[in-house]
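Only one structure is covered here, and it is reproduced in the block below.
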Amino acid sequence: MAVAELSPSFTKTHLHSSQLSSLSTRLANFRRCAFRPLPRARNSLTISCSVAPNQVQAPVAVQNEGPKTKTECFGVFCLTYDLKAEEETKTWKKLINIAVSGAAGMISNHLLFKLASGEVFGPDQPIALKLLGSERSFQALEGVAMELEDSLFPLLREVSISIDPYEVFQDVEWALLIGAKPRGPGMERAGLLDINGQIFAEQGKALNAVASRNVKVIVVGNPCNTNALICLKNAPNIPAKNFHALTRLDENRAKCQLALKAGVFYDKVSNMTIWGNHSTTQVPDFLNARINGFPVKEVIRDQKWLEEEFTEKVQKRGGVLIKKWGRSSAASTSVSIVDAIRSLITPTPEGDWFSSGVYTTGNPYGIAEDIVFSMPCRSKGDGDYEFVKDVIFDDYLLERITRTEAELLAEKRCVAHLIGEGIAFCDLPEDTMLPGEM
């Protein structure tokens, strides 16, 4: 069944009664129709259909207007359902809009199906997925949408695809920014910061223009801390507190290594903090972490292992995985994104906390303000968070926090031109890229 495309010069379209009767019969029997997205001009007219239980409405011409137009819906998701009229959906929550950039990539290929299944937001939370790709990846993006279509997820009520962030971010409550340019051979980290910084500056502007004022943003594309800073600086109408850089995979890796050393399952490890940058300067904090409720240093009495082998294993885990697997950690990254979202929408267990790269202004630890730095957080489950105050520091921890802080301040100077702070000056002390950036 084809979509009718109208040029701007047309004001209406005509359907023969036999055509309309055939359309009504098909919709009444199946209550689904399969449209395919077609390229269209910004101000073109498009036929859309809307179906409520026990009735079929004739196609309606919808006028698109500028950058705030609805993104191109895909296939069966072009259908509009009346959730309140269906018995099984009466208790469902209000639909939420979730944007995912880099939606045709490997991380998204794992993540999107977790989102659509209800695994992330719950079995009574319908969602709309708004997928952002590029001209080069658009065909793959259509393939992703086809797989979502074929999976028959009841909670997935809408899917739309586009290469325009101003379309994709319209009214979104969650923005998961995964897409970023990988670091190529011979590219300096400063070059990667500039290229990806431009992407995240544009996405910040788009979020600022059209997203929900309380949108929660999780930046995954590397270098994620500074990309998150660039994004929030270009979105002044959205609270800076709403922006996160993903360091949850680092936290999960640290918990796994401590559990292996202590001979326990990893659910016995709590209060794990990753301090600083998502790079090889990151600081996995064994001083404040606990195993079975006891300080790690009381359970694992090998100080040399904690300071050297443990820290290095967490920092370089991604590189080891690439050597073994031949590819970066897409699946475990998607799991860590799920964990990061759940930590914000589920109350933090009493006495525990989680790690997230967040805006430092107002932090209680003495860390330099106006950067994005991974720190320990707690949440009441309302999407917000607060800093954890009951942490301790020793000379070893402070020394390493100072090093990762210096790196983030240097990265900030590299992108000054993208955050409204004048001319960029790059003086990165060393190359601390993560293997996954290659």
**Short side-chain donor-acceptor distance under 3.5 Å, T247 and H278** = no
**Message:** Any side-chain to backbone donor/acceptor pair from Y396 onto E307? Under 3.5 Å, distance only.
**Reply:** yes
**Message:** Looking at F393, I want to see if its CZ is surrounded by more than 12 non-hydrogen atoms of other residues, nucleotides or ligands under 6.0 Å.
**Reply:** yes
**Message:** Distance alone, cut at 3.5 Å: any donor-acceptor contact between the side chains of W92 and D124?
**Reply:** no
**Item:** Short side-chain to backbone donor-acceptor contact, S379 and D384, under 3.5 Å
**Value:** yes
**Message:** How long is the straight-line distance from CH2 of W305 back to OG1 of T311, given to the nearest 0.5 Å?
**Reply:** 8.5 Å
**Message:** Are L246 and T333 packed together at the side-chain level, in the sense that at least one heavy-atom pair is separated by less than 4.5 angstrom?
**Reply:** yes
**Asked** Is the closest side-chain heavy-atom distance between L112 and L129 below 4.5 Å?
**Response** yes
**Prompt:** So is K130 actually on top of F169's ring, under 6.0 Å and inside 45° of the axis?
**Reply:** no
**Request:** Would you kindly say whether Y359 and D370 are connected by a side-chain donor-acceptor distance under 3.5 Å?
**Result:** yes
**Request:** For the pair L397 and N288, evaluate side-chain contact (heavy atoms from CB on, under 4.5 Å) and give the outcome as yes or no after the intermediate values.
**Result:** CA-CA 10 Å; L397 182 57; N288 288 284; 4.1 Å; yes
**Request:** Give the minimum heavy-atom separation between T404 and G276, together with the two atoms involved.
**Result:** CG2-CA, 3.5 Å
**Request:** Check whether more than 12 heavy atoms from other residues, nucleotides or ligands sit under 6.0 Å from atom CD1 of I392, and answer yes or no.
**Result:** yes
**Request:** Report yes or no: does E158 contribute a side-chain atom to a donor-acceptor pair with the main-chain N or O of A128 at less than 3.5 Å?
**Result:** no
**Prompt:** Counting distance only, does the side-chain N/O of R378 pair as donor-acceptor with the main-chain N or O of D352 below 3.5 Å?
**Reply:** yes
**Request:** Please examine the side chains of H417 and I423, heavy atoms only from C-beta on, and report whether any two atoms are closer than 4.5 Å.
**Result:** no
**Prompt:** Between N208 and N234, is any side-chain donor less than 3.5 angstrom from a side-chain acceptor?
**Reply:** no
**Complete:** Shortest non-hydrogen pair, L428 vs A190, comes out as CD1-N, 4.1 Å
**Asked** Are side-chain heavy atoms of Y365 and F387 found at a separation under 4.5 Å?
**Response** yes
**Request:** Check the angle between the aromatic planes of H244 and Y385 and answer parallel, tilted or perpendicular using the 30° and 60° thresholds.
**Result:** perpendicular
**Message:** Taking CZ in R136 as the centre, count heavy atoms belonging to other residues, nucleotides or ligands within less than 6.0 Å. Is the count above 12?
**Reply:** no
**Asked** Tell me, do V391 and P376 make a side-chain contact under 4.5 Å, heavy atoms counted?
**Response** yes
**Message:** Would the distance check show the side chain of R400 and the main-chain N or O of D395 forming a donor-acceptor pair, the cut-off being under 3.5 Å?
**Reply:** no
**OH (Y266) with more than 12 external heavy atoms under 6.0 Å** = no
**Request:** Walk me through it: do L176 and V219 pass the test side-chain contact (heavy atoms from CB on, under 4.5 Å)?
**Result:** CA-CA 6 Å; L176 311 178; V219 175; over 6 Å; no
**Request:** Show your working on side-chain contact (heavy atoms from CB on, under 4.5 Å) between I291 and V264 and close with a plain yes or no.
**Result:** CA-CA 8 Å; I291 298 175; V264 299; 4.0 Å; yes
**Asked** Between S332, S329, S336, which is the residue that forms a side-chain hydrogen bond (donor to acceptor under 3.5 Å, both in side chains) with R253?
**Response** S329
**Asked** How about L131 and L148: do any of their side-chain heavy atoms sit closer than 4.5 Å?
**Response** yes
**Prompt:** Are the side chain of K324 and the backbone N or O of G319 linked by a donor-acceptor pair below 3.5 Å?
**Reply:** no
**Asked** Looking at S343 and R248, what are the two nearest heavy atoms and their distance?
**Response** OG-NH1, 2.7 Å
**Message:** I'd like to know whether K412 forms a salt bridge (charged side-chain N to carboxylate O under 4.0 Å, His left out) with E421, so could you lay out the CA-CA distance, the side-chain angles of the two residues, the decisive distance to 0.1 Å, and finally the verdict.
**Reply:** CA-CA 9 Å; K412 181 184 175 183; E421 296 191 5; 3.8 Å; yes
**Within 6.0 angstrom of K268 NZ, more than 12 heavy atoms from elsewhere** = no
**Fill in**
Of N225, N227, T226, the one forming a side-chain hydrogen bond (donor to acceptor under 3.5 Å, both in side chains) with E411 is T226
**Request:** Apply side-chain contact (heavy atoms from CB on, under 4.5 Å) to I218 and V220, showing your working.
**Result:** CA-CA 6 Å; I218 298 180; V220 181; 4.3 Å; yes
**Request:** Look at the side chain of R213 and the backbone N and O of A211, then say whether any donor-acceptor pair between them is shorter than 3.5 Å.
**Result:** yes
**Asked** Any side-chain donor paired with an acceptor under 3.5 Å for E202 and Q198?
**Response** no
**Item:** Test: E399 and R403 ion pair at under 4.0 Å
**Value:** no
**N222 side chain to N196 side chain, donor-acceptor N/O pair below 3.5 angstrom** = no
**Prompt:** Do side-chain atoms of N363 reach the backbone of I367 as a donor and acceptor pair under 3.5 angstrom?
**Reply:** yes
**Request:** State whether K114 and E119 are salt-bridged, where the test is any N-O pair (Lys NZ or Arg NE/NH1/NH2 against Asp/Glu carboxylate O) under 4.0 Å.
**Result:** yes
**Asked** Do L249 and R317 touch side chain to side chain, with heavy atoms closer than 4.5 Å?
**Response** no
**Request:** State whether the number of non-hydrogen atoms from other residues, nucleotides or ligands found under 6.0 Å of D390 atom CG is greater than 12.
**Result:** yes
**Message:** To check you understand the geometry: which heavy-atom pair defines the closest contact between L207 and A175, and what is its length?
**Reply:** CD2-CB, 3.9 Å
**Request:** Sort out for me which residue in I345, L344, V338 forms a side-chain contact (heavy atoms from CB on, under 4.5 Å) with I341.
**Result:** I345
**Message:** Can you confirm whether Q315 sits close enough to F310 that some side-chain heavy atom of one is under 4.5 Å from a side-chain heavy atom of the other?
**Reply:** no
**Request:** Classify the side-chain pair T273/W353 by whether it contains a donor and acceptor separated by less than 3.5 Å.
**Result:** yes
**Prompt:** For Q282 and D250, does a side-chain donor sit closer than 3.5 Å to a side-chain acceptor?
**Reply:** yes
**Request:** Considering non-hydrogen atoms only, spot the tightest contact between P236 and K233 and give its length.
**Result:** CD-O, 4.2 Å
**Whether T360 side chain and A368 backbone form a donor-acceptor pair below 3.5 Å** = yes
**Prompt:** Shortest non-hydrogen contact from A228 to F243?
**Reply:** O-CD2, 4.4 Å
**Message:** Using only atom types and a distance under 3.5 Å, with no angle test, would you say the side chain of S355 pairs donor to acceptor with the backbone of M272?
**Reply:** yes
